[in-house]
Amino acid sequence: MRALPVRIDAVLVQALIAAALSFAHLHDLALAAGQDGWKAWAYPVSVDLLLVAAWRRLRSGGAKAPGWCWFLVALTASLGANVATAGLLDLDDVPDWLRILVAGWPAVAFLGGTLLAHGTTADARSEEHESPTSDAAEEPTTVAELPASESTSAPSSAPPVPPALVTLARKIADEHRARTGTSIDTSTLRARLGVPLPLAEAISTHLT
């Protein structure tokens with residue numbers, strides 16, 4: 001059997017190298033700030049997870065502002081660790097303000113991850129609640145396609161109701177009941193059919 005050629009993606013390799021270096025710098029900075037043991041390894045994991053969560057929020061198509069906000073926060077933490085461990089900071093004598101920032105990072109990462117996760121759920125729920133409104137705002141159904149003899153109204157005392165119009169009204173009433181759970185009223189039926197009020201009242205009697 002002929003071995004399949006292995007293609008190495010240079011961009012992916014570069015991304016893995018950059019991620020590994022950034023991971024190590026965050027670990028070294030957390031360790032220098034007094035977070036020893038497993039806690040020093042947890043800091044780079046939390047920064048990378050926040051970056052991924054923010055990136056997924058940006059790709060989801062929802063609100064962009066929260067995604068960009070937390071993406072910049074996580075990116076600042078990653079870049080800050082890279083610069084701090086490049087010789088500009090004495091890791092044997094870390095200043096107090098940096099210790100405070102490192103100690104407070106878990107709370108910031110937890111807040112950002114929670115807001116990004118629940119923000120996506122809230123957007124999906126808002127879209128579900130908006131869908132009935134869009135159905136209610138649909139254009140009213142007219143009877144322009146019916147023959148002229150059927151769409152013309154008779155005297156208001158006892159307007160005749162064409163069978164085709166009753167069939168159309170019954171279909172509209174069934175759709176309204178399926179969507180709202182209530183029977184359609186005369187005013188709504190008149191608006192959907194685009195007929196005079198006396199004719200709409202006459203049609204309503206055929207729907208009961």
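Quick caveat: nothing in here was measured; it's all calculated off a predicted structure.
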Open item on the list: Is any side-chain heavy atom of Q35 closer than 4.5 Å to one of L31?
Closed with: no
Under 4.5 Å between side-chain heavy atoms, hopping through other hydrophobics if needed: is there a path connecting L49 to F23?
yes
CD1 (I184) and CD1 (I203) are apart, to the nearest 0.5 Å, by 10.5 Å
Applying a strict under-4.5 Å side-chain criterion to I, L, V, M, F, W and Y, I'd like to know whether L98 and V73 cluster together. yes
Closer than 4.0 angstrom, basic N to acidic O: yes or no for R177 and D174?
yes
Shortest non-hydrogen pair, R99 vs V94, comes out as NE-O, 3.4 Å
When rounded to the nearest 0.5 Å, the distance separating CG of D185 from CZ of R190 is 12.0 Å
Does any part of the side chain of V47, heavy atoms only, come nearer than 4.5 Å to the side chain of W105, both counted from C-beta?
yes
Checklist entry - Where the side chain of S78 meets the backbone of A74, is there a donor-acceptor pair that is under 3.5 Å apart? => result no
Query raised in the report: Just wondering, do F71 and L50 contact through their side chains at under 4.5 Å, heavy atoms?
Result: no
OH of Y43 to CH2 of W38, rounded to nearest 0.5 Å, is 9.0 Å
Practice item. Indicate yes or no: at least one non-hydrogen side-chain atom of P66 is less than 4.5 angstrom from one of L115. Key: no
Between the CH2 atom in W70 and the CG atom in L51, the distance rounded to the nearest 0.5 Å is 12.5 Å
In short, A54 meets L116 closest at the heavy-atom pair N-CD1, 3.6 Å
CG (L26) and OG1 (T85) are apart, to the nearest 0.5 Å, by 8.0 Å
inquiry  = Same cluster or not: W68 versus L75, using hydrophobic residues (I, L, V, M, F, W, Y) connected whenever any side-chain heavy atoms lie under 4.5 Å apart?
reply    = yes
Side chains of L21 and N82, heavy atoms from C-beta outward: is any pair under 4.5 Å? no
Quick one: do V108 and L101 end up in the same hydrophobic cluster if we chain Ile, Leu, Val, Met, Phe, Trp and Tyr together by side-chain heavy atoms under 4.5 Å apart?
yes
Distance col, row H176:NE2 vs T182:OG1, nearest 0.5 angstrom, shows 4.0 Å
